[in-house]
Amino acid sequence: MKIEEKIQNAVADALQVLYGYDAPENLIQLQSTRKDFEGDFTLVVFPLTKISRKNPEVIATEIGEFLKEKLDEVYSFNVVKGFLNLEVDSSYWIGKLQDAWTCELYGIIEADDDAELVMVEYSSPNTNKPLHLGHIRNNLLGFSLSEILKANGFKVVKTNIVNDRGIHICKSMLSWQKWGNRQTPEAVGKKGDHFVGELYVEFNNQYKKEIAELMAKGFSQKEAEEQAPSIREARQLLLRWEAGDKDVVELWQTMNNWVYEGFDATYKKMGVNFDKIYYESETYLVGKQEVMRGVEKGIFQQKDDGSVWADLTDDRLDKKLLLRSDGTSVYITQDIGTAKLRFKDFDIDKMIYVVGNEQNYHFQVLAVLLDKLGYSWGKGLHHFSYGMVELPGGKMKSREGTVVDADDLIEEMVQVARDMAQELGKLDALTPDEAERTYEMIALGALKYFILKVDPKKNMLFNPEESIDFNGNTGPFIQYTHARIQSVLRKAIEKNLSVTDYQELFSSEISFKEKELLKRVAQFPAIVKEAGLNLSPALIANYCYELAKEYNQFYHNHPILAESDKQRRNLRLLLSATIGKVVKTGMGLLGIEVPDRM
RNA sequence: GCCCCGAUAGCUCAGCUGGAUAGAGCAACUGCCUUCUAAGCAGUAGGUCAUGGGUUCGAAUCCCGUUCGGGGUACCA
């Protein structure tokens with residue numbers, strides 16, 4: 001039984017014995033003691049004043065005496081105002097350290113055969129432009145979330161839905177035909193996704209020009225947007241694509257493959273991956289069928305012009321279009337089809353969509369629609385709604401060229417890491433390949449930590465000038481701490497020091513900071529659990545930072561290898577090794593690697 | 001208009017289901033490398049937790065109003 005539960009039970013006994021009162025659980029408020037007070041756990045006694053009719057100090061003292069008497073672990077107590085601070089014997093915490101060190105996968109629960117299966121959808125790019133900072137947040141959150149769920153004993157299937165068809169793709173295709181000189185990415189030496197992205201931008205430039213020309217001739221803006229030749233041609237392409245025109249489909253495949261090659265390179269660099277990829281081109285027809293089935297069942301309505309609608313006003317939502325009057329599908333049609341396929345392919349217990357909060361309404365609607373279509377899992381889908389990444393100038397807009405490109409950003413950060421490491425001269429002993437590998441690790445550590453440490457639900461600001469930092473509350477700070485620990489451990493091995501007898505450690509004298517660290521290590525499994533329940537990588541990130549920070553404080557004024565007292569030295573070694581392990585595991589849950597030297 | 005979300009130090013962010021004197025980092029200033037990695041450590045300064053009320057023994061946290069900001073409300077995705 002966990003010590004917290006033990007204390008709680010004992011407090012319940014105390015209330016029974018001392019005041020003859022059966023306390024409901026929520027009246028016993030046990031929390032960990034704030035740093036500025038003596039103790040490990042604190043019982044808030046204010047709520048108990050009503051039942052005993054004594055003043056808080058008296059109650060606290062009486063309960064304190066009771067607990068000290070009854071629980072071996074409770075070593076002493078003190079009372080400050082209405083707070084009963086309990087001090088737990090340090091051997092208890094040292095035992096926890098031993099558990100953490102000897103446990104193969106500390107803090108991790110592995111999935112067993114009847115573990116629930118969670119599918120996590122993330123990334124979900126369009127194939128007409130390269131990935132940008134917004135996708136980075138999405139990818140990092142999706143990947144980390146998956147790791148955290150796995151660590152909580154779930155089976156996880158990571159999935160991606162690629163929006164590979166539609167008018168936007170046709171725009172790029174048309175652009176390639178008309179203004180792209182029929183080049184290839186290889187020929188011009190560009191990454192495929194960037195190559196196609198530029199074609200898309202070119203389309204928009206031409207389109208804008210045409211609109212301006214038409215408006216100069218007296219068309220209204222709306223008419224001009226409708227009538228511009230290039231948009232009409234793009235629509236033609238879409239019709240031909242849907243009709244299965246061989247040339248169009250071939251071009252579409254070729255261009256998408258260019259993009260996929262580019263995406264794969266970016267995914268690889270970011271260290272994210274998928275177990276199963278769905279393509280909209282393979283799911284949208286299923287969606288259409290489902291919608292038509294809904295019409296037959298009478299849950300959706302088809303208007304005279306052929307368009308299909310769902311009336312969701314009873315669910316406090318609006319009327320929603322499901323199929324256009326020309327019979328083509330919209331965004332949500334595709335999501336219906338994809339959902340159906342997924343549940344056919346996998347035995348999904350829980351579906352999580354990692355998609356920005358601008359689509360909150362969309363997912364509310366999707367849940368209701370799936371439910372109406374008769375899928376029991378529809379209402380249970382979870383939209384993991386994360387905030388936007390803003391730039392100092394405001395929101396990123398692809399059309400206005402204010403996006404931060406994913407590849408560029410990563411490359412820039414690697415360069416900063418490289419410059420810094422070379423200036424510090426720390427990696428000179430490594431081979432060029434190893435050094436380069438480390439620069440990347442640090443750069444990505446900085447980027448990933450920067451993004452994952454903030455509460456996913458909130459919008460966040462990324463300032464390219466200032467956000468690239470490697471000092472303070474950053475990924476590299478934590479990575480550095482790990483490298484530092486490994487350095488100590490390497491030296492310990494050189495000196496032939498190792499911890500074999502755990503028993504002798506239990507009587508070690510420990511400092512305040514050491515105890516803080518022991519408690520912090522003992523906390524890790526609970527943090528992983530909480531991160532899983534709250535779906536929050538930020539909790540892991542903040543924990544890792546606190547742990548690293550406290551280790552550095554410890555490191556600064558506690559000799560480890562040079563400690564003359566053998567017991568103390570061994571305890572510090574074990575503490576260091578364990579913290580190194582926890583940091584590595586924790587950062588691993590964020591998808592961040594930690595180097596052994598930096 | 002209607003619906004959702006947010007506001008904590010100059011800046012970026014923590015602050016768990018209400019608990020003790022609201023915390024970090026960056027930026028500014030000051031110390032610490034002959035000692036296990038200074039991408040570090042220690043210190044100074046910086047706050048009317050947007051604002052007005054309410055609930056409570058106790059509110060940054062819960063409820064209501066106001067102001068400001070963001071998003072949604074498409075035959076775009």
Side-chain angles (χ1 to χ4, degrees), chain A residues 26 29 31 33-37 42 44-47 49-50 56 80-83 85 124 126 128 163 166-168 280 305-309 316-318 320-326 328-332 334-335 356-362 364 385 387-388 390 392 394-395 417 420-421 423-424 426 442 446 450 453-455 457-463 466-467 469-481 483-492 495 530 533-534 536 538-539 541-542 545-546 548-549 552-563 572-573 576 597-598:
Chain A
N26 60 12
Q29 292 183 32
Q31 45 199 243
T33 303
R34 287 184 54 143
K35 260 188 196 151
D36 2 74
F37 297 92
T42 295
V44 185
V45 297
F46 291 107
T49 52
K50 278 177 197 150
V80 180
K81 291 195 238 170
F83 299 93
N85 299 319
S124 310
N126 292 336
N128 63 333
N163 299 295
I167 189 72
H168 52 294
E280 186 189 346
D305 66 1
S307 59
V308 176
W309 296 77
R316 288 203 228 149
L317 299 166
D318 293 331
K320 180 77 185 173
L321 176 90
L322 302 178
L323 286 178
R324 297 191 186 96
S325 50
D326 64 2
T328 56
S329 65
V330 292
Y331 180 40
I332 202 149
Q334 169 252 112
D335 262 344
N357 62 12
E358 58 200 348
Q359 289 184 30
N360 287 353
Y361 181 72
H362 172 83
Q364 258 181 290
S385 163
M388 299 289 96
E390 284 160 10
K395 206 188 167 189
M420 201 158 180
E423 195 183 315
L424 293 169
K426 291 212 178 159
I442 295 169
F450 180 85
K453 77 172 177 184
V454 331
D455 183 345
K457 290 193 290 287
K458 292 188 179 174
N459 287 1
M460 65 179 291
L461 188 114
F462 184 87
N463 184 338
E466 294 167 12
S467 298
D469 199 348
F470 295 84
N471 298 314
N473 186 357
T474 65
F477 171 90
I478 301 167
Q479 291 173 315
Y480 175 75
T481 307
R484 206 176 211 188
I485 289 171
Q486 298 316 310
S487 173
V488 172
L489 298 179
R490 278 194 298 272
K491 293 224 158 74
K495 293 187 175 185
E530 207 185 335
L533 285 173
N534 296 337
S536 178
L539 294 177
N542 290 321
Y545 173 66
E546 292 297 332
K549 187 177 152 69
N552 280 323
Q553 292 166 347
F554 156 81
Y555 178 90
H556 186 255
N557 49 27
H558 293 67
I560 301 168
L561 302 172
E563 170 60 46
R572 286 173 191 174
L573 264 178
S576 300
R597 296 168 206 269
M598 72 179 270

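To find a chain, count down the sequence lines: A is the first, B the second, and so on, and within it residues start at 1.
Of the listed nucleotides (B:A24, B:G71, B:U37), B:U37 has the atom at the smallest distance from the side chain of A:V488. With distances taken from any side-chain atom of A:L461 to the nucleotides B:C41, B:U73, B:C13, the minimum falls on B:C13. Minimum atom distance to the side chain of A:T42 is reached by B:A20, of the listed B:C41, B:A20, B:U37. The side chain of A:F83 lies closest to B:G19, out of B:A14, B:G19, B:C26. Distance from the side chain of A:N473 is smallest for B:G25 among the nucleotides B:C11, B:G23, B:G25. The side chain of A:E358 lies closest to B:G72, out of B:G19, B:G72, B:U37. The side chain of A:Q359 sits closest to B:A77 out of B:A77, B:C13, B:U73. The side chain of A:K549 lies closest to B:G25 when the candidates are B:U37, B:G25, B:C13. With B:A77, B:G70, B:C4 as the choices, the nucleotide that has an atom nearest any side-chain atom of A:E390 turns out to be B:G70. Closest contact between the side chain of A:N552 and the listed nucleotides B:G40, B:A77, B:G72 involves B:G40.
Taking the P atoms as reference points, B:U44 lies 46 Å from B:G72, given to the whole Å. One P atom belongs to B:C63, the other to B:U55, and the distance between them is 16 Å to the nearest Å. Atom P of B:C49 sits at a distance of 14 Å from the matching atom of B:G23, rounded to the whole Å. To the nearest whole angstrom, the two C1' atoms, one in B:C57 and one in B:A45, are 36 Å apart. Across B:U48 and B:A22, the matching P atoms stand 13 Å from one another, rounded to whole Å. Distance noted for atom C1' between B:A42 and B:A24: 16 Å (whole Å). If you take atom P in B:U8 and the same atom in B:C4, they sit 22 Å apart, rounded to whole Å. Taking atom P on both B:A7 and B:U61, the two are 11 Å apart, rounded to the nearest angstrom.
Along RNA chain B, the nucleotide nearest to A:M598 and the one nearest to A:Q29 differ in position, and the one closer to the 5' end is contacted by A:Q29. Projected onto RNA chain B by closest heavy-atom contact, A:I485 and A:G166 fall at different nucleotides, the more 5' of which corresponds to A:I485.
Side-chain atoms of A:N463 do not come within 3.5 Å of backbone N or O of A:P392 as any donor-acceptor pair. The backbone N or O of A:N128 lies less than 3.5 Å from no partner atom in the side chain of A:N126, so there is not a single donor-acceptor pair.
Atoms NZ (A:K457) and P (B:A7) sit 11 Å apart, rounded to a whole Å. Across the protein-nucleic acid pair, A:N534 atom CG and B:A14 atom P stand 14 Å apart, rounded to whole Å. Computed from coordinates, the A:F554 CZ to B:C41 P distance equals 14 Å when rounded to whole Å. As a whole-Å value, the separation of A:Y331 OH from B:A77 P is 10 Å. What separates CG of A:D318 from C1' of B:C3 is a distance of 9 Å, to the nearest Å. Rounded to whole Å, atom P of B:C33 lies 16 Å from atom CG of A:N557. Between the CD1 atom of A:I478 and the C1' atom of B:G25 there is a distance of 12 Å, given to the nearest Å. In this entry the distance linking CG of A:L321 with P of B:U73 reads 13 Å, nearest Å.
Regarding contacts with the backbone of B:C36, every side-chain N or O of A:R572 stays at 4.0 angstrom or more from both OP1 and OP2. Put simply, A:Q31 has no side-chain N or O that comes within less than 4.0 Å of OP1 or OP2 on B:C16. In this structure, A:R34 reaches the B:G23 phosphate: one of its side-chain N or O atoms is under 4.0 Å from OP1 or OP2. Look at A:K491 and you'll find a side-chain N or O under 4.0 angstrom from OP1 or OP2 of B:U37. Contact check, A:K458 against B:A14: a side-chain N or O comes under 4.0 Å of OP1 or OP2. Applying the 4.0 Å criterion to OP1 and OP2 of B:C41, one finds that A:R484 has every side-chain N and O outside that range. Listed pair A:N471 / B:G40 meets the phosphate criterion, a side-chain N or O lying under 4.0 Å from OP1 or OP2.
Counting any heavy atom pair closer than 4.0 Å across all strands shown, A:P56 reaches no nucleic acid atom. Residue A:R597 is classed as a base contact, given a heavy-atom separation below 4.0 Å to a base. A:Y545 comes within 4.0 angstrom of sugar-phosphate atoms only, judged by non-hydrogen atoms across all strands, and of no base. Residue contacts for A:F470: at a heavy-atom cut-off of 4.0 Å it reaches a base atom on one of the strands shown. Within 4.0 Å (heavy atoms only), A:V330 reaches sugar-phosphate atoms of the nucleic acid but no base atom. Within the nucleic acid shown, A:D335 has no heavy atom closer than 4.0 Å to any nucleic acid atom. No engagement by A:A492 is indicated, since no non-hydrogen atom pair under 4.0 Å with the nucleic acid exists. Looking at heavy-atom distances under 4.0 Å, A:I442 makes contact with a base.
Across all non-hydrogen atoms, the minimal contact from A:H168 to A:N163 is NE2-O, 3.8 Å. Residues A:S329 and A:R324 share a closest heavy-atom pair of O-NH1, 3.1 Å. The minimum heavy-atom distance linking A:V330 with A:L322 is given by the pair CG2-O, 3.6 Å.
In this model, no side-chain donor or acceptor of A:D455 finds a partner on the base of B:C13 within 3.5 Å. Applying the 3.5 Å distance criterion, the base of B:C57 shares no donor-acceptor pair with the side chain of A:T49.
A:T474 and A:D469 are not linked by any side-chain donor-acceptor pair at a separation below 3.5 angstrom, with hydrogens and angles left out of the test. Under the 3.5 Å distance criterion, with hydrogens and angles disregarded, a donor-acceptor pair is assigned to the side chains of A:Y331 and A:Q359.
The distance between the ring centers of A:F83 and A:F46 falls below 6.0 angstrom. Checked against the 6.0 Å centroid threshold, A:F462 and A:F450 count as a close aromatic pair.
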(message) If a pair means Watson-Crick or G-U wobble with both distances below 3.5 Å, what does RNA chain B look like in dot-bracket form, with | marking bases paired to a different strand?
(response) (((((((..((((.....[...)))).(((((.......))))).....(((((..]....))))))))))))....
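Look at A:F46 and the base of B:G58; the rings do not stack under the cut-offs of 5.5 Å between centres and 30° between planes. Ring stacking is absent between A:Y480 and B:G40, as the pair misses the limits of under 5.5 Å between centres and under 30 degrees between planes.
In this structure, B:C4 is classed as anti because its glycosidic torsion departs from zero by more than 90°.
Among residues two or more places apart in sequence or in another chain, the side chain to side chain contact (heavy atoms under 4.5 Å, CB included) test is passed with A:A421 by A:L427, A:Y439.
Counting heavy atoms from C-beta on, the side chains of A:Y361 and A:L317 come closer than 4.5 Å.
Using a 4.0 Å cut-off between charged side-chain N and carboxylate O, A:R34 and A:D36 make a salt bridge.
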